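I have placed the structure first, in the form of structure tokens, so that the comments after it can refer back to it.
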Amino acid sequence: MINTSTKKLTKAEFWAISDATDRTYELIDGIAVEKMSPKYFHSRSTGTIFTVLTAWGNSFGRVGIEWAVDLSDDFTPVPDLLYVSFDRLPFTWQENAACPVAPELVVEIISPGQTFGQMAQKASSYLTGGVLRVWIVDPSVQSLTVFYPDAAPITYMGAQIVTDSIFSDLAIVTSQLFG
């Protein structure tokens, strides 16, 4: 069972709850919501995407797995993966803390019990918080949908190649994420 707080929390109250347990919580609309425990396909997709993003972007920025992001007083999500450039978060930043800036990219992988619609709503919140791209990965249909702040989402499947002008030289064949 996923535990959820019943009242809106301040950021300090949220961090007190989150820091006092070994469970992972997100602050969604001011409510502490426990994250689901990933299953095999989710874990495998996370590993593959982490490997691809790290190989591409390690000299440009940081790639994190399950790294909390402080986007507003009532929204501190914990995306499955994120990429934040050294332009947004300098190389010299070395704290054991939530990401203090909106990353360029967050990746959410749909787990059993979650719907694409729920993830699309979360993508909208990320974009409102200043994230430039949100990838929603659906292992069950082997798709990757890219959400933009200023354009309609695009879904990629099979041999389609994902590229993006803000991620120079990054090209991902969608099917490779599910191999």
Side-chain angles (χ1 to χ4, degrees), residues 1-38 42 45-46 49-50 53 57 60-111 113-138 144-155 164-167 170:
M1 178 180 176
I2 301 295
N3 294 322
T4 305
S5 66
T6 57
K7 69 171 189 125
K8 289 207 174 215
L9 303 173
T10 66
K11 189 68 79 159
E13 290 170 327
F14 167 72
W15 283 118
I17 289 170
S18 187
D19 291 343
T21 182
D22 59 352
R23 297 177 183 204
T24 302
Y25 287 90
E26 297 180 291
L27 188 65
I28 309 292
D29 294 327
I31 305 293
V33 178
E34 186 177 355
K35 278 201 68 161
M36 274 185 197
S37 179
H42 186 287
S45 294
T46 301
I49 296 167
F50 176 79
L53 290 177
F60 310 119
R62 296 177 173 85
V63 178
I65 298 174
E66 299 276 329
W67 184 13
V69 182
D70 258 333
L71 292 177
S72 72
D73 286 341
D74 64 351
F75 187 51
T76 301
V78 181
D80 294 314
L81 293 134
L82 66 77
Y83 166 77
V84 60
S85 71
F86 292 137
D87 291 337
R88 287 192 173 202
L89 189 62
F91 178 80
T92 56
W93 185 87
Q94 296 294 324
E95 296 181 30
N96 190 25
C99 184
V101 299
E104 281 87 349
L105 171 68
V106 299
V107 180
E108 289 284 1
I109 302 168
I110 299 174
S111 294
Q114 294 177 319
T115 67
F116 183 83
Q118 290 169 324
M119 292 294 103
Q121 285 181 317
K122 195 171 186 182
S124 177
S125 295
Y126 278 121
L127 296 171
T128 299
V131 175
L132 298 179
R133 299 292 185 270
V134 180
W135 291 359
I136 303 297
V137 176
D138 189 341
L144 183 155
T145 301
V146 181
F147 289 79
Y148 306 87
D150 54 358
I154 299 174
T155 298
D164 194 310
S165 62
I166 67 169
F167 306 123
L170 176 64

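In this text, all values refer to a predicted model and were calculated from it rather than measured experimentally.
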Qualifying residues under side-chain hydrogen bond (donor to acceptor under 3.5 Å, both in side chains), relative to [X], sequence neighbours excluded:
X    : value
T24  : none
T155 : T145
S111 : none
T76  : K11, D70

Considering all heavy atoms of both residues, which atom of [X] and which atom of [Y] are nearest to each other, and what is their separation?
X    : Y    : result
V78  : K35  : O-NZ, 2.6 Å
G129 : A102 : O-CB, 3.5 Å
L82  : P79  : CD2-CG, 4.1 Å
L127 : Y148 : CD1-O, 3.4 Å
Y83  : P103 : O-CB, 3.1 Å
G130 : R88  : O-NH1, 3.3 Å

Quick one: pull up [atom1] in [X] and [atom2] in [Y] and give me the separation to the nearest 0.5 Å.
X    : Y    : atom1 : atom2 : result
L9   : I17  : CG    : CD1   : 4.5 Å
L53  : L170 : CG    : CG    : 6.5 Å
M119 : E108 : CE    : CD    : 5.5 Å
D73  : T10  : CG    : OG1   : 9.0 Å
Y126 : F147 : OH    : CZ    : 12.0 Å
I109 : T46  : CD1   : OG1   : 3.0 Å

Main chain of [Y], side chain of [X]: is a donor-acceptor contact present, judged purely on distance under 3.5 Å?
X    : Y    : value
D29  : I31  : no
E104 : S85  : yes
W67  : D80  : no
R133 : V146 : no

Can you name the residues that form a ring-ring contact (aromatic ring centres under 6.0 Å, His included) with F86, not counting sequence neighbours?
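Once residues adjacent in sequence are excluded, the partners of F86 under the ring-ring contact (aromatic ring centres under 6.0 Å, His included) criterion are F91.
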Partner residues of R62 under the salt bridge (charged side-chain N to carboxylate O under 4.0 Å, His left out) criterion, sequence neighbours left out
none
Can you check whether L71 reaches V131 side chain to side chain, under 4.5 Å on heavy atoms?
yes
Could you walk me through whether F75 and I28 pass the side-chain contact (heavy atoms from CB on, under 4.5 Å) test, one step at a time?
CA-CA 5 Å; F75 187 51; I28 309 292; 3.6 Å; yes
Where do Q114 and H42 land on the side-chain contact (heavy atoms from CB on, under 4.5 Å) test, with the steps shown first?
CA-CA 12 Å; Q114 294 177 319; H42 186 287; 5.6 Å; no
